[in-house]
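Everything on this sheet refers to the single structure shown next.
Heavy-atom basis, side chains included; hydrogens, waters and symmetry copies ignored.
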Amino acid sequence: MCPTDWTEAVDPLMTFRTAVNATNGVPVSQLTLSEISYLGQPQRAEDISFLLNSNAKNMTGDGDRLICSVPCGFAAQEGEWEFTVSAPGYLPQRILLDASYAGTERIDECRLKHIDGPVLDIELQPVE
């Protein structure tokens, strides 16, 4: 018998499923996330490393930026996130997202896991 259920994040909070050229649909394989803020607070380099825990997928840190090899995702606290998505040859795109998991699933008798965070499909406009 468990004294209380323990809930953990197993899936990334946000998953970038695809990134494509908005004009012709050509896949974009790598994204840079910059100017990241959580609940209106800018995230510094030491804050960014927190996002790269064991639940992050295909993400690396570069100072105060995240580098995403699509598909990718990062783990974080639920709430309001804002960031700029960019890639060479494309216009940067600002994203504001109130991110939360859709539910939980039982792992075992005492543990639950968060599941089904937001999935993003990014369309980037090429620089003309």
Please report the closest heavy-atom contact between [X] and [Y], naming both atoms and the distance.
X	Y	answer
Asn21	Val28	N-CG2, 3.9 Å
Leu97	Met14	CD2-SD, 3.5 Å
Arg94	Ser34	NH1-O, 3.8 Å
Arg44	Asp64	C-CB, 4.2 Å
Gly40	Pro42	O-CD, 3.6 Å
Leu31	Ala87	CD2-CB, 4.5 Å

- Query: Going by atom types only, do Thr32 and Arg65 share a side-chain donor-acceptor pair under 3.5 Å?
  - Reply: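 Distance-only check fails for Thr32 and Arg65.
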
Point-to-point distance, once rounded to the nearest 0.5 Å, from [atom1] of [X] to [atom2] of [Y]:
X	Y	atom1	atom2	result
Cys72	Lys57	SG	NZ	12.0 Å
Ile67	Asp62	CD1	CG	5.0 Å
Gln93	Phe83	CD	CZ	9.5 Å
Ser100	Gln77	OG	CD	12.5 Å

- Determine yes or no for a side-chain-to-main-chain donor-acceptor pair under 3.5 angstrom, with Glu82 supplying the side chain and Glu80 the backbone.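 No, the answer is negative, given that no donor and acceptor are paired below the 3.5 Å cut-off.
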
- Query: So, Asn58 side chain and Pro71 main chain: donor-acceptor pair closer than 3.5 Å or not?
  - Reply: yes

Side chains of [X] and [Y]: closer than 4.5 Å at any heavy-atom pair?
X	Y	result
Tyr38	Asp47	no
Asp116	Tyr101	no
Ile48	Leu66	yes
Ile95	Trp81	no
Val85	Pro92	no
Pro12	Phe74	no
Val70	Ile122	no
Tyr90	Glu123	no

- Message: Looking at Arg17 and Asp121, is any side-chain nitrogen of the basic one under 4.0 Å from a carboxylate oxygen of the acidic one?
- Response: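 Yes, charged N to carboxylate O under 4.0 Å.
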
- Same cluster or not: are Leu39 and Leu51 linked, directly or through other Ile, Leu, Val, Met, Phe, Trp or Tyr residues, by side-chain heavy atoms under 4.5 angstrom apart? yes

- Item | In one Ile/Leu/Val/Met/Phe/Trp/Tyr side-chain cluster, 4.5 Å: Leu120, Leu52 | yes

